[in-house]
Amino acid sequence: MDFNARTGDADKLRGACVVVGVSAPRHLSPAAERLDKASRGQLRDLLKSGDIDTECGKTTLIHHPKGRIQAERILVVGCGKDKPLSAKSFSQIASAAAKALQGSGATDAVSFLCELDVQDRDLTWKASQAVQASRDAVYRFDDLKSDAKAPKRPLRRMTLAASDADDLPALRDGIASGVAIANGMDLARGLGNRPGNLCTPSDLAEQARALQQKHASVKVRVLERKDMEKLGMGALLAVARGSRQPPKLITMEYSGGGKHDKPVVLIGKGVTFDSGGISIKPGAAMDEMKFDMCGAASVLGTVSAVAELGLPINLVGIVPATENLPDGDACKPGDIVTSMSGKTIEILNTDAEGRLILCDALTYAERFKPDVVIDIATLTGACIVALGKIASGLLSNDQELADELLEAGQMSWDRAWQLPLWDDYDEQLKSNFADMANIGSNGAGTITAASFLARFAKDYRWAHLDIAGVAWKSGDAKGSTGRPVPLLMQFLLKRCGGHAANDAQAQ
Ligand code: BES
Ligand code: MN
Ligand code: ZN
């Protein structure tokens, strides 16, 4: 779908559909007011007769509006009664509009939704959010269906309208970042949704190489098993033992900043299928463990979005990738392995494999002399117990970094919630036979997992996002969400002063 920005009056713009908001009980937005006047009061009449629902996110499509209106249709989106709108309501409104358009037969639309007031959010944010919500509404993953039915008349072009020409730069900025973030999320979702037989560690490495093909600013290196052996990555290699698929350690280096600017390092858990290994999982919903590489997918998505925008920063993405399967040669409960850091680990549960591959990646990250390191992982079922599917778990050894990430989550509406990293939890990792065990002893599974990682992240500012709850949806809407690409992008955009360096595609 293409997006562009323009100025114009709602009644005078030609096209398949014009989109406006109406709040409860009967408050017309400025563009809706113009349409009402030009249609001899049609909107107010429909409100009076109860044919327009003003509840937040309800849509009403009006065909062939009366009077002198140039568009073929009007889509009225209910905005509820809160003024200004909350960020959440605005996203709901933008998404309802896109869903209604997608089924309306209109292949293009001019949306005036960005004129709505949203609490603590500027026009750039609204434009970016409108783009993301629209792209989400039309997202499909049907590459693997032989009779995939594409919508007959898909929405192809969305114009975001402003009343004032002075607003165009902000709209274009928002469109550029919104499109890049949506592209990054689509990449992440596509990888997440791909089944484990296709999305293998080698396949992830290929997908990373494709980023290098696309962007001269991205350099990809893939370490093979023998390289990992040389580096002493005994924890990562222990997990890979049970798999016939060779493990890969993928690094993507994006240089958009100065030569001496320390990079942000993102590490994504890339377990392309997690059966639990010898500590095998129960069968129910085990298919969903193909999503256990969603951390990795979010790193690829973020690197891709940053490269697309040409942000003036240095960024390194690291993806340790392997399967976790049972096999005669698989690692076993009780095995003790030596990590790249030299610390020994007693593997009490082979299903706590994420931390084993991440700890070696955390040690490997030191060589990039990072400013900060953020790992992203579908790490613990306990995180779903604590926070459900709403927020990512956030744990950090640096409160300033934690605050920046919390704020980025709040702003992008891809929220995270902090949990404590107290010593008391760390003590639960005690092993009788090695430097530490790979599982904790007394509840708080998300925190003990992070405490384990923290032991390998002592040399830099570090944060951990547990995305077990947010990375995918189960049930009828089963599928990858692309989270937390929006949070990560907001965090990185803020570091560059908030705006995209290269908004060429929004012109
Ligand atoms: N990938 C899982 C975590 C997970 C489980 C995410 C279910 C989303 C849904 C992880 O590798 C795992 O198995 N963790 C164990 C840790 C335990 C053995 C200490 C868990 O959460 O049960
Ligand atoms: Mn596991
Ligand atoms: Zn796992």
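The shown structure was predicted, so the numbers you read here are calculated from the model rather than taken from an experiment. Whatever order the structure lists ligands and atoms in, that order sets their numbers, starting from 1.
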Quiz question: by atom type and distance under 3.5 Å, do the side chains of S279 and N349 form a donor-acceptor pair?
yes

Between the CD1 atom in I439 and the CG atom in L429, the distance rounded to the nearest 0.5 Å is 9.5 Å

To the Zn ion (ligand 3), the closest N, O or S atom belonging to D274 is OD2

Run through the protein N/O/S atoms less than 2.8 Å from the Mn ion (ligand 2) and write them out by chain and number.
D274 OD2, D351 O, D351 OD1, E353 OE1

Check: S89/S86 side-chain N/O donor and acceptor closer than 3.5 Å
yes

Decide whether D261 and N314 meet the rule of one side-chain donor and one side-chain acceptor closer than 3.5 Å.
no

Can you list every pair where an N/O of ligand 1 is under 3.5 Å from an N/O on the protein?
residue	atom	partner	partner atom	Å
ligand 1	1 (N)	K269	NZ	3.3
ligand 1	1 (N)	D274	OD2	3.2
ligand 1	1 (N)	D292	OD1	2.9
ligand 1	1 (N)	D292	OD2	3.0
ligand 1	1 (N)	T378	O	3.2
ligand 1	11 (O)	K269	NZ	3.2
ligand 1	11 (O)	D274	OD2	2.9
ligand 1	11 (O)	D351	O	3.1
ligand 1	11 (O)	E353	OE1	2.8
ligand 1	11 (O)	E353	OE2	3.0
ligand 1	13 (O)	K281	NZ	2.8
ligand 1	13 (O)	D351	O	3.0
ligand 1	13 (O)	D351	OD1	2.8
ligand 1	13 (O)	D351	OD2	3.2
ligand 1	14 (N)	L379	O	3.4
ligand 1	21 (O)	G381	N	2.7

Would you say T446 and T380 are linked by a side-chain donor-acceptor pair, where the criterion is simply a distance under 3.5 Å?
yes

Going through the checks in order, is the salt bridge (charged side-chain N to carboxylate O under 4.0 Å, His left out) test met by D274 and K290?
CA-CA 7 Å; D274 180 12; K290 73 172 182 177; over 6 Å; no

For E288 and S474, test the side chains for any donor-to-acceptor distance below 3.5 angstrom and give the result as yes or no.
yes

Any Lys/Arg nitrogen of R455 or D426 sitting under 4.0 Å from an Asp/Glu carboxylate oxygen of the other?
yes

Check all N, O or S atoms of E353 and name the one closest to the Zn ion (ligand 3).
OE2

Would one find an N, O or S atom of K269, in either backbone or side chain, under 2.8 Å from the Zn ion (ligand 3)?
yes

Cation-pi, W472 ring and K389 (6.0 angstrom, 45 degrees):
yes

For Y139, does the six-membered ring have the charged nitrogen or CZ of R189 within the cation-pi criterion, i.e. under 6.0 angstrom from the centroid and within 45° of the normal?
yes

Measure from the Zn ion (ligand 3) to each N, O or S atom of D292 and report whether any distance is below 2.8 Å.
yes

For D403 and Q399, test the side chains for any donor-to-acceptor distance below 3.5 angstrom and give the result as yes or no.
yes

